[in-house]
2 protein chains.
Amino acid sequence: MTQDAILRSLIAENLVSDPAGARGRLLKEAARLFRDKGYERTTVRDLAAAVGIQSGSLFHHFRTKEDILKAVMVETIRLNTALMQAAMDAVDAPRDKLRALIRAELESINGQTGEAMAVLVFEWRSLSEDAQAAVLELRDIYEQLWLDVLEAVKAAGYLRAEPFVVRRLLTGALSWTVTWYRPDGGLSLDGLTDQVVAMMGLAE
Amino acid sequence: MTQDAILRSLIAENLVSDPAGARGRLLKEAARLFRDKGYERTTVRDLAAAVGIQSGSLFHHFRTKEDILKAVMVETIRLNTALMQAAMDAVDAPRDKLRALIRAELESINGQTGEAMAVLVFEWRSLSEDAQAAVLELRDIYEQLWLDVLEAVKAAGYLRAEPFVVRRLLTGALSWTVTWYRPDGGLSLDGLTDQVVAMMGLAE
DNA sequence: GACAATACCAAGCAAGCGCTTGGTTTGTAA
DNA sequence: TTACAAACCAAGCGCTTGCTTGGTATTGTC
């Protein structure tokens with residue numbers, strides 16, 4: 001199943017907004033602005049201007065500014081969970097599955113959903129507790145994919161550290177790439193994935 | 001040289017504020033509040049209340065709110081650069097130096113300066129360009145320590161990935177520990193350091 | 001075409017922000 | 001003790017923010 005097909009399926013199920021529609025365009029611009037200036041410094045006037053409407057009109061689509069932030073986060077988790085599941089399902093061996101997960105997460109962080117993924121990391125404190133709890137539920141599904149694969153890699157004898165700890169170290173390592181990695185900087189995503197795998201001493 | 005002696009020396013040279021003094025107490029509380037609520041959501045009224053004065057009085061010590069943020073960052077970099085240099089100087093072999101750096105950075109992130117270190121990561125966008133440039137100058141000194149050691153470890157044959165990339169992946173991995181590591185969670189700082197070293201395939 | 005629903009506009013509200021200003025209090029040195 | 005500097009207080013300024021409200025315009029459905 002291609003990435004486009006996965007996205008279309010999620011749109012059809014109303015789990016993710018169509019990027020070509022009004023709501024989807026707003027979320028895309030919101031992710032960009034929140035990423036660039038921070039959620040708190042991005043005003044509703046900024047958001048409205050980015051999609052070419054007046055600020056009061058935003059409140060027709062979302063009840064509050066915070067609901068926009070939450071939607072950016074929820075939708076990117078849903079999309080990337082599906083993409084990672086698909087990447088992982090395409091291979092069999094535990095080490096290959098781990099490599100596929102690393103590659104897919106690097107792509108989520110440095111590709112189309114990079115801005116939303118950065119918002120997930122950097123704007124967590126601006127969410128209310130209720131919203132944080134809702135986002136964490138989705139996040140837990142995503143994290144379980146990782147833990148299952150890391151456990152399998154450890155059981156196969158390729159990893160000496162604890163899967164729980166490794167996952168969290170990898171979360172930081174991969175999330176931080178958003179601050180320094182440039183696809184046109186001479187290192188492809190596959191090359192970067194190779195570096196991560198090599199740093200872990202898992203290279204063949 | 002002990003950590004206390006290093007701190008005292010920096011205070012004497014006016015590179016770091018005395019934590020017992022008015023300015024130092026304010027910076028300590030600022031780091032805590034900025035970490036917990038975010039810089040933007042922390043008002044000058046919050047800061048003043050945290051140290052028991054009225055908000056207008058803050059402007060006697062600092063010209064602007066942003067100058068407080070900058071001082072939190074600048075002072076923690078200065079302190080931690082000195083602490084890491086000392087930790088590294090206490091050992092000889094490249095792998096031991098790398099381990100010492102990892103241990104020292106984990107301590108900076110999860111110990112006394114943890115709040116300020118988190119502010120350095122999460123509040124970068126709230127700094128003006130001038131302030132960012134000033135902070136980066138100090139940051140570059142700190143980063144060069146790491147790159148020198150990683151180059152030595154690679155030259156000794158223990159690392160296959162590129163030092164530049166590894167440093168950045170480690171920055172993320174170690175910085176992220178601020179969100180999940182708890183010293184009373186059954187894993188000591190030394191234990192966590194061992195996990196990082198093991199994840200890198202550098203365990204003995 | 002008529003009507004309802006959706007999307008948007010324009011104006012402005014109430015609350016809160018970083019900071020200034022004129023003053024008072026405290027600490028230090030001579 | 002006196003003079004001066006440093007630290008703080010209290011009040012309030014000008015501006016900005018997220019959001020509401022009454023209205024208009026556009027789209028969708030029958």
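In what follows, chains are A, B, ... by sequence order, proteins preceding strands, each numbered from 1.
- In this structure, B/Arg25 places its CZ atom 12 Å from P of D/dA7, rounding to the nearest Å.
- For the residue pair B/Asp46 / B/Thr42, no side-chain donor-acceptor distance below 3.5 Å is found, with atom types taken as modelled.
- Between B/Arg23 and B/Ser17, the side chains place a donor N or O and an acceptor N or O closer than 3.5 Å (distance only, hydrogens not considered).
- When rounded to the nearest whole Å, the span between CG of A/Leu58 and P of C/dA7 equals 13 Å.
- Distance check: A/Thr64 OG1 to A/Leu69 CG gives 9.0 Å after rounding to the nearest 0.5 Å.
- What separates CG of A/Leu47 from P of D/dG18 is a distance of 8 Å, to the nearest Å.
- What separates CZ of A/Arg23 from P of C/dT6 is a distance of 14 Å, to the nearest Å.
- The phosphate of D/dC8 (OP1 or OP2) has no side-chain N or O of B/His60 nearer than 4.0 angstrom.
- When the P atom of D/dT24 is taken as reference, atom CD1 of A/Ile53 falls 20 Å away, rounded to whole Å.
- Remark: A/His61 is in phosphate contact with C/dC8, judged by side-chain N or O atoms under 4.0 Å from OP1 or OP2.
- Cation-pi check for B/Arg167 over B/Phe164 is not met; the charged atom does not lie both under 6.0 angstrom from the ring centroid and within 45 degrees of its normal.
- In this structure, the nucleotide among C/dC9, D/dA10, D/dA6 sitting nearest to the side chain of B/Gln54 is D/dA10.
- The closest side-chain donor-acceptor pair between A/Tyr142 and A/Gln85, if any, does not fall under 3.5 angstrom.
- Here the options are B/Leu202, B/Val196, B/Thr193, the test is side chain to side chain contact (heavy atoms under 4.5 Å, CB included), and the partner is B/Arg99; only B/Thr193 passes.
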Using a cutoff of under 3.5 Å, can you pull out all pairs of nitrogen or oxygen atoms linking the protein to nucleotides 14-21 of chain C, with atom names and distances?
{"residue": "C/dG18", "atom": "OP1", "partner": "B/Lys65", "partner atom": "NZ", "Å": "2.6"}
{"residue": "C/dG18", "atom": "OP2", "partner": "B/Val44", "partner atom": "N", "Å": "2.9"}
{"residue": "C/dG18", "atom": "N7", "partner": "B/Arg45", "partner atom": "NH1", "Å": "3.1"}
{"residue": "C/dG18", "atom": "O6", "partner": "B/Arg45", "partner atom": "NH2", "Å": "3.1"}
{"residue": "C/dC19", "atom": "OP2", "partner": "B/Lys65", "partner atom": "N", "Å": "2.7"}

